[in-house]
Structure formats: C-alpha cells, structure tokens
Peer 1: 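Input: one structure, supplied below.
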Amino acid sequence: MQKLNFPTYSFRFKNSENKTLIYDEIRKKFMVLQPEEWVRQHCVKYLMEEKGFPKSLINVEKELKVNNLRKRYDIVIFNPDGSIHLIVECKSAKINIDQTTFDQIARYNLALNATYLMVTNGINHYYCEMDFEAERYQFLKDIPDYVKNE
C-alpha cells in the first residue's frame with residue numbers, strides 16, 4: 001500500500017481467500033484492504049492518537065439518509081451529548097480532492113450538522129469549521145484536539 005501523509009502507525013493484517021485484510025478497531029473486525037480503507041484506517045488512528053478522540057466517540061461507515069437517498073459516511077466523531085463533532089470523508093490516494101468532494105460532505109452535513117468537516121485522500125487533508133448562521137464553511141489549518149468537558 002502507498003505511503004500516506006500521516007504518522008506511521010502499526011496495523012493488524014491477515015490474509016483470507018487471497019485478499020489482504022486490515023483490522024478495524026472501531027468496527028472490531030477485519031476489512032478488505034482497499035485503497036480507501038487504507039486511508040480510513042490511518043485517519044482513525046490519527047484522530048485517536050494525535051488528536052486524542054476517544055474510541056467510544058468514533059463511528060465508521062454507517063448509513064445515513066440525505067434527501068431520501070441512502071449514503072454511507074466514512075468517519076463520524078460524536079460529542080459526549082450525542083451531537084456530531086466531526087465528519088470525515090476519505091478517498092483513495094489516487095483520487096484528487098475537488099469541489100465535488102466538498103459538495104458531497106456538505107450534503108452529508110445537511111443531515112448530520114457536524115461542527116467540523118475533514119476531507120482526505122491520505123496525501124492531502126482539508127479541514128473546515130461550519131458557520132451555520134452564514135451557511136458556509138471556513139477552512140482551517142487543522143481540526144482542534146479533543147477536549148474533554150469536565
């Protein structure tokens with residue numbers, strides 16, 4: 001797999017039926033190692049190990065409805081109160097991130113109302129903070145670290 005623009009992490013792998021699988025500690029199962037899954041697993045580790053988000057607040061690959069269409073988000077981080085803190089859209093490293101990618105995550109956010117958005121292909125990472133009153137987003141250099149509310 002391609003070297004990504006994340007710190008180096010260790011992962012559990014296994015082979016099954018001539019396919020390489022990678023262990024997803026959020027879903028607690030092995031997943032087929034596709035290019036997008038490689039990016040997703042690095043991003044989950046980054047959010048936990050670099051940004052300090054607890055595993056218990058992270059959700060991976062769940063379905064949501066947007067305009068009566070069923071879609072799947074890559075990663076969501078919840079706030080302790082159940083509201084959504086961050087949505088992450090992961091793409092394969094071969095996919096260029098463009099306006100279409102941002103439109104996709106913005107559509108998801110109509111249903112989810114996350115404060116922060118992250119789009120990554122493992123090489124380039126983009127971070128946004130939502131301004132719901134102005135109905136726009138502002139680009140950030142990084143997303144804030146997790147801060148536990150006392």
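It should be emphasised that the depicted structure is a prediction, and the values quoted were computed from it without experimental measurement. We use all heavy atoms of the structure for the numbers below, so side chains are in, but hydrogens, waters and symmetry mates are not. In what follows, residues are counted from 1 in the order of the sequence shown.
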Peer 1: Search all heavy atoms of Cys90 against all heavy atoms of Asp74 and return the closest pair with its distance.
Peer 2: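 Scanning both residues completely, I find the closest heavy atoms to be N-OD2, 2.8 Å.
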Peer 1: Would you say the side chain of Leu117 lies within less than 4.5 Å of the side chain of Val119, judging by non-hydrogen atoms?
Peer 2: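 Val119 vs Leu117: side chains apart.
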Peer 1: So do the side chains of Glu89 and Thr101 get within less than 4.5 Å of each other, counting heavy atoms only?
Peer 2: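 Heavy-atom side-chain distance check passes, below 4.5 Å.
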Peer 1: Under 4.5 Å between any side-chain heavy atoms of Arg40 and Ile75, yes or no?
Peer 2: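 Of all side-chain heavy-atom pairs linking Ile75 with Arg40, at least one is under 4.5 Å.
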Peer 1: What's the separation between atom CD in Gln138 and atom CE in Met130, rounded to the nearest 0.5 Å?
Peer 2: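 One finds 11.0 Å between CD of Gln138 and CE of Met130.
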Peer 1: Rounded at 0.5 Å granularity, tell me how far CD1 in Ile84 sits from OG1 in Thr115.
Peer 2: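 If I round to the nearest 0.5 Å, the distance is 9.5 Å.
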Peer 1: Quick one: does Glu49's side chain get under 4.5 Å of Pro7's, heavy atoms only?
Peer 2: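 The answer is no; the side chains never approach within 4.5 Å.
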Peer 1: Could you go through residues 13-29 and list every donor-acceptor pair under 3.5 Å that involves a side-chain atom there, pairing it with any protein atom two or more places apart or in another chain?
Peer 2:
unit_1 : atom_1 : unit_2 : atom_2 : d
Asn15  : OD1    : Thr20  : OG1    : 3.1
Asp24  : OD1    : Ile26  : N      : 2.7
Asp24  : OD1    : Arg27  : N      : 2.9
Asp24  : OD2    : Arg27  : NE     : 2.6
Asp24  : OD2    : Arg27  : NH2    : 2.8
Asp24  : OD2    : Gln41  : NE2    : 3.0
Glu25  : OE1    : Lys55  : NZ     : 3.3
Glu25  : OE2    : Lys45  : NZ     : 2.9
Arg27  : NH2    : Glu37  : OE1    : 3.2
Arg27  : NH2    : Glu37  : OE2    : 2.7

Peer 1: Suppose we call two aromatic rings close when their centres sit under 6.0 Å apart. Are Tyr46 and Phe6 close by that rule?
Peer 2: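 For Tyr46 and Phe6, the ring centres are under 6.0 Å apart.
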Peer 1: Considering all heavy atoms of both residues, which atom of Cys128 and which atom of Leu140 are nearest to each other, and what is their separation?
Peer 2: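 For Cys128 versus Leu140, the nearest heavy atoms are C-CD1, 4.1 Å.
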Peer 1: Indicate, with yes or no, if Tyr146 and Tyr9 share a hydrophobic cluster defined by side-chain heavy-atom contacts under 4.5 Å among Ile, Leu, Val, Met, Phe, Trp and Tyr.
Peer 2: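 Yes, Tyr9 connects to Tyr146 through the hydrophobic network.
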Peer 1: Any side-chain heavy atom of Ile143 sitting closer than 4.5 Å to one from Leu47?
Peer 2: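 In short, these two side chains touch, coming nearer than 4.5 Å.
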Peer 1: What are the two closest heavy atoms between Leu4 and His42, and how far apart are they?
Peer 2: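 Looks like CD1-ND1, 3.6 Å.
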Peer 1: Run the side chain to side chain contact (heavy atoms under 4.5 Å, CB included) check on Met118 and Leu86 step by step: do they pass?
Peer 2: CA-CA 7 Å; Met118 176 179 175; Leu86 168 72; 4.0 Å; yes
Peer 1: How many angstroms lie between atom NZ of Lys3 and atom CH2 of Trp38, to the nearest 0.5 angstrom?
Peer 2: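 Answer rounded to 0.5 Å: 9.0 Å.
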Peer 1: Quick one: side-chain contact (heavy atoms from CB on, under 4.5 Å) partners of Asn124, sequence neighbours excluded?
Peer 2: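 side-chain contact (heavy atoms from CB on, under 4.5 Å) list for Asn124, sorted by chain: Asn121, Tyr126.
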Peer 1: Measuring from atom CD1 of Ile105 to atom CG of Asp103, what distance do you get when rounded to the nearest 0.5 angstrom?
Peer 2: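 Between Ile105 CD1 and Asp103 CG, I get 11.0 Å after rounding to 0.5 Å.
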Peer 1: Does the plane of the ring in Phe102 sit parallel, tilted or perpendicular to the ring in Tyr137? Use 30° and 60° as the thresholds.
Peer 2: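 Judged by the thresholds at 30° and 60°, the geometry between Phe102 and Tyr137 is parallel.
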Peer 1: Would a single hydrophobic cluster contain both Phe11 and Val32, if residues Ile, Leu, Val, Met, Phe, Trp and Tyr are joined by side-chain heavy-atom contacts under 4.5 Å?
Peer 2: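 Val32 does not cluster with Phe11.
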Peer 1: Between CD1 of Ile58 and CE of Met48, what distance do you get to the nearest 0.5 Å?
Peer 2: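 Atom-to-atom, Ile58:CD1 and Met48:CE are 5.5 Å apart.
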Peer 1: Compare every heavy atom of Lys51 with every heavy atom of Asp145, then report the nearest pair and how far apart it is.
Peer 2: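 Nearest pair, atom of Asp145 first, then Lys51: OD1-NZ, 2.9 Å.
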Peer 1: If every non-hydrogen atom of Pro144 is compared with every non-hydrogen atom of Tyr116, which pair is closest and at what distance?
Peer 2: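 Smallest interatomic distance, heavy atoms only, reads CG-OH, 3.4 Å.
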Peer 1: Indicate yes or no for a side-chain donor-acceptor contact from His125 to the backbone of Asn5 under 3.5 Å, with no hydrogens or angles considered.
Peer 2: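 Yes, His125 side chain to Asn5 backbone: donor-acceptor pair under 3.5 Å.
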Peer 1: Ignoring hydrogens, what is the shortest heavy-atom contact between Phe132 and Ala114? Give both atom names and the distance.
Peer 2: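 In this case the closest contact between Phe132 and Ala114 is CZ-O, 3.1 Å.
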Peer 1: Are Gln2 and Ile123 close enough that some pair of their side-chain heavy atoms sits under 4.5 Å apart?
Peer 2: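 Gln2 vs Ile123: side chains touch.
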Peer 1: Donor-acceptor check, side chain of Asp81 to backbone of Ser83, threshold 3.5 angstrom: yes or no?
Peer 2: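 The answer is yes, because a donor-acceptor pair under 3.5 Å joins these two groups.
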